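What follows is a set of notes on a single structure, which appears directly below.
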Amino acid sequence: MTSHRLAQGGLIDRSQRLGFSFDGQRYEGHPGDTLASALLANGIRLVGRSFKYHRPRGILSAGSEEPNALVELRSGGRHEPNTRATMVELYDGLVAQSQNRWPSLSFDALGVVNSVLSPVFPAGFYYKTFMWPASFWEPVYERIIRRAAGLGTAATETDPDRYERRHAFCDVLVVGGGPAGLSAALAAAESGARVILCDESDRFGGALLGEDEPVEGRPAMDWMADRLSALRGFGDRVTLVPRGTAFGLYDHGTVGLVERVADHLAEPPPHLPRQRFWTIRAAAIVVAAGAIEQPLVFPNNDRPGVMLAGAAHRYAHRYAVSPGKRVLVAGIDDGAARTALALRRHGVEVAGLVDSRADLPGPLAEELRAAGIAVHAGSTVRAAKGRLGVEGARIGTTDGSGKAAAIDCDAIAMSGGWMPTTHLLSQRGIRPRLDWTRGGFVLPDLDGPLLAAGACAGRASTEAAIADGLAVGRQAARFAKKSGVTVPRPAPAPATAPHVADPQVGGKAFVDFQNDVTAADIRLAAREGFTSPEHMKRYTTQGMATDQGKTSNGPAMDILADARRLRRGEVAAPTFRPPYTPVAFGAIAGRSVGWHAYPTRRPPFHEIQRADGAVFIRSGGWLRPHYYPRPGEGLGEASLREARYVRSNVGVFDVSTLGKVDVCGPATASCCATTASCWMTAPSPGWPRTASTSPPPAPRRMTWCG
């Protein structure tokens, strides 16, 4: 049942087995697995269909940047569509379904049709089609589009789970629990600051959870354990929030965060909410969100089995899962080479390393030779072979000369470089700038109270990230009016030139996997005048929706620059919007649902009306009597009886809900004190009202709110 599970290693509990199902088929995994890693361990590569073309898709990444592996979880009121399998913690009895396919995942009818019609579905085709005749739009075109597009289906039953809200205040908020984030939180706490440290994963460590190298001379897990122990030693002054995603940065140091409290449990216990929505107000914020690996762009790079190299390394190290039986690694920098070495150390057969550089660094080349890994220098992947999964690859020189060679493999681990995770900073108007002395796009040196640290700020190595985190943590503590000393920050690491798709390649070379945007689509947008990144984004849908361009902005901007005959980096990525990842409506609402959606107001006669047996309705926030039924009466009979009574006798109507005086502002207390004894007489034919300081014979008191 676990054909791709490695014999040893991983941060999983092999002593226990967890049963789960995917598309009705039962599989097994271990505690510590995600749904994605458990599927890979069972040899499942095909997990979904793409949004536009319904092409077969597999798992691309190992984190929240996953664009392909979107599944539906649970059933009934707990049904949850469009969930990233890479972020779903495995539990016993988990039920998952693939989505956006018909009649089945392996054979999708729309996929067949769209493959034939794909030449007439280029970027922006919806602006040029479905125009005539206009009468066809609603009965024909809209129905076809709605049937073909979309991803999962929304739940139709009431969600039975509970959600909570929490307001928190701190001196320093650190977003990201990797080496930089842990170091920043520790430095700020040592300076006397109140610290909140959050990370979207179920455990802290960030990139170290998928690395083999020691940290400061010790195993990475030991180093992380020491850092966490030191943070817990500060008691209530440090709050740790695992499974907590900071999704938005707002004015005045306000941050929106969603904590997945019980999503990893089959059913939340009564005392726990499923999710908790945090509103955090911080004097200083450190964004240590790391960097996101970018894909290579080549024909059929979306086939199941094509994966980011860093993700392949992470699956092997953290989950003891091999992405394939024979893996070809391709990239543009040392990261891909180190992934090839790591996979070999974990017992995975490596078909070779395809490196776009003509010459590799000497020590790295020696390691590769010693490990027996064939190196194809100055080369790149020309295409992936296979239909429902990778069955081989063709490689050739980077300049396109010569004949492509075939490589036998069933998985491709690719790396097109790394982009800093600047989504939260972009929400506050902070964007990377071009600095050729540093090798490409880098963040400006922020001077607070919003700061960046680690790989997010261009400090790519673990050692540089730790040093940068310590320096930025002390800097943040100073902004929070705590003690701290100035520590020099390490310089950002130079960026590696990316791989840009050859404009003459055949087949579909995808840039944005979630929105089915190809390199040809971006070049078409440039030819048709959509040369601004913001215009190109909307014309092609690149970087839109839940993805926000996490794994596509790097190659997309480089291809757009190439199409405009500009240098790399002269086209900036578009602005990112909150939320960083999708947020459930239940988490936003919290307990404010049903009768608790907004405060319930009761008029002065409420108790009398209730004693008379009134049936109430909500009207503008007020509970108003709808009717007064007698035994055996419904709404119609009671209404007719009441109407007859009022017409033949008399009725009382309480209009006190129709007007109020709202006193607000800094002088509210003194104003209310002055007016507390003021009484107003009822309106009389001799308008205007008259006011006095003593009650009239039949007073009607005004309600004051402040």
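Just so it is clear, the model here is predicted, and its values are computed rather than measured.
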Applying side chain to side chain contact (heavy atoms under 4.5 Å, CB included) to Glu157 and Arg78, what does each step give before you reach the verdict? CA-CA 8 Å; Glu157 299 179 23; Arg78 291 193 172 93; over 6 Å; no
Is there a salt bridge (charged side-chain N to carboxylate O under 4.0 Å, His left out) between Lys52 and Asp516 once you walk through the steps? CA-CA 6 Å; Lys52 178 178 172 183; Asp516 271 353; over 6 Å; no
For Phe510, does the six-membered ring have the charged nitrogen or CZ of Arg57 within the cation-pi criterion, i.e. under 6.0 angstrom from the centroid and within 45° of the normal? yes
Write down the atom of Asp355, the atom of Asp333, and the distance for their closest heavy-atom approach. OD2-O, 4.0 Å
Examine distances only and state if a side-chain atom of Thr339 and a backbone atom of Ala337 form a donor-acceptor pair shorter than 3.5 Å. no
Once you measure the plane-to-plane angle for Tyr315 and Tyr319, does it fall in the parallel (<30°), tilted (30-60°) or perpendicular (>60°) bin? tilted
Has Thr518 got a side-chain atom pairing as donor or acceptor with Asp521's backbone, closer than 3.5 angstrom? yes
Hey, does the side chain of Gln99 reach the backbone of Gly48 with a donor-acceptor pair shorter than 3.5 angstrom? no
Minimal non-hydrogen separation, His79 against Arg74, with atom names: ND1-O, 3.7 Å
Side-chain heavy atoms of Asn553 within contact of Gln542, under 4.5 Å: yes
What is the distance from atom CZ of Phe513 to atom OG of Ser552, rounded to the nearest 0.5 Å? 9.0 Å
Any idea which heavy atoms bring Ala526 and Leu560 closest together, and the distance? CB-CD1, 4.0 Å
Mind telling me whether Tyr141 and Phe136 have parallel, tilted or perpendicular rings, with 30° and 60° as the class edges? tilted
Is the side chain of Arg143 donor-acceptor paired with the backbone N or O of Pro139 at a distance under 3.5 Å, no angle test? yes
Could you check whether atom NE2 of His264 has more than 12 heavy atoms from other residues, nucleotides or ligands sitting under 6.0 Å from it? yes
Within a reach of under 6.0 Å around CZ of Arg387, are more than 12 heavy atoms found that belong to other residues, nucleotides or ligands? no
From Ile412 atom CD1 to Leu296 atom CG, the distance as rounded to the nearest 0.5 Å: 9.5 Å
Show your working on salt bridge (charged side-chain N to carboxylate O under 4.0 Å, His left out) between Arg17 and Asp33 and close with a plain yes or no. CA-CA 10 Å; Arg17 292 179 178 269; Asp33 267 324; over 6 Å; no
Ignoring hydrogens and geometry, is there a side-chain-to-backbone donor-acceptor pair from His4 to Gly324 under 3.5 Å? no
Start with the C-alpha gap between Asp159 and Phe585, add the side-chain angles, then the distance that decides, and say whether side chain to side chain contact (heavy atoms under 4.5 Å, CB included) holds. CA-CA 11 Å; Asp159 188 345; Phe585 286 123; over 6 Å; no
Leu46 side chain reached by Arg101 side chain, heavy atoms, under 4.5 Å: no
May I ask you to check whether over 12 heavy atoms, not counting those of Trp137, lie within 6.0 Å of atom CH2? yes
Quick check: does any side chain N or O of Arg382 sit under 3.5 Å from a backbone N or O of Gly400, one acting as donor and the other as acceptor? yes
Less than 4.0 Å between a side-chain N and a carboxylate O, is that true for Lys385 and Asp408? no
Any sub-3.5 Å donor-acceptor pair from Gln294's side-chain atoms to Gly554's backbone N or O? yes
Determine yes or no for a side-chain-to-main-chain donor-acceptor pair under 3.5 angstrom, with Gln275 supplying the side chain and Asp263 the backbone. no
Can you find a heavy atom in the side chain of Asp410 that is under 4.5 Å from one in the side chain of Arg45? yes
Please walk me through it: do Leu73 and Leu35 pass side chain to side chain contact (heavy atoms under 4.5 Å, CB included)? CA-CA 10 Å; Leu73 298 180; Leu35 175 59; 4.2 Å; yes
Salt-bridge criterion met for Asp202 and Arg318 (N-O under 4.0 Å): yes
Measure the spacing between OG of Ser61 and CZ of Arg314 and express it to the nearest 0.5 Å. 9.5 Å
As a quick check of understanding, evaluate side chain to side chain contact (heavy atoms under 4.5 Å, CB included) for Gln25 and Ile44, giving each step before the final call. CA-CA 11 Å; Gln25 181 69 40; Ile44 305 301; over 6 Å; no
Quick check: does any side chain N or O of Arg303 sit under 3.5 Å from a backbone N or O of Gly386, one acting as donor and the other as acceptor? yes
Could you check whether any side-chain heavy atom of Thr34 comes within less than 4.5 Å of a side-chain heavy atom of Met87, counting everything from C-beta outward? no
Distance, nearest 0.5 Å, that separates CD of Glu293 from OG1 of Thr551: 10.5 Å
Identify whether NZ of Lys or CZ of Arg in Lys550 sits under 6.0 Å from the centre of the six-membered ring of Tyr580 and within 45° of that ring's axis. yes
Side-chain donor-acceptor contact under 3.5 Å, Asn68 with Arg55: no
Pair Glu349 + Arg326: basic N to acidic O under 4.0 Å: yes
State, to 0.1 Å, how close Ile395 and Leu328 come at their nearest heavy-atom pair, and which atoms those are. CG2-CD2, 4.3 Å
To check you understand the geometry: which heavy-atom pair defines the closest contact between Pro31 and Leu18, and what is its length? N-CD1, 3.6 Å
Please find the pair of heavy atoms, one from Gln514 and one from Phe51, that lie closest to each other, and give the distance. O-CB, 3.4 Å
In terms of ring plane angle, is the pair Phe530 and Tyr539 parallel, tilted or perpendicular, where the classes change at 30° and 60°? parallel
With a 4.5 Å heavy-atom cut-off, do Leu341 and Leu368 have their side chains touching? yes
Taking the side chain as C-beta and beyond, is there a heavy-atom pair between Asp302 and Lys508 under 4.5 Å? no
Side-chain heavy atoms of Thr245 within contact of Ser64, under 4.5 Å: no
Thr541 side chain vs Met544 backbone, donor-acceptor pair below 3.5 Å: no
Is the shortest side-chain N to carboxylate O distance from Arg338 to Glu213 below 4.0 Å? no
Distance, nearest 0.5 Å, that separates CD of Glu267 from CG of Asp161: 7.5 Å
Flag side-chain contact, heavy atom, 4.5 Å: Pro295 against Leu308: yes
Quick one: pull up OG1 in Thr540 and CG in Leu524 and give me the separation to the nearest 0.5 Å. 9.5 Å
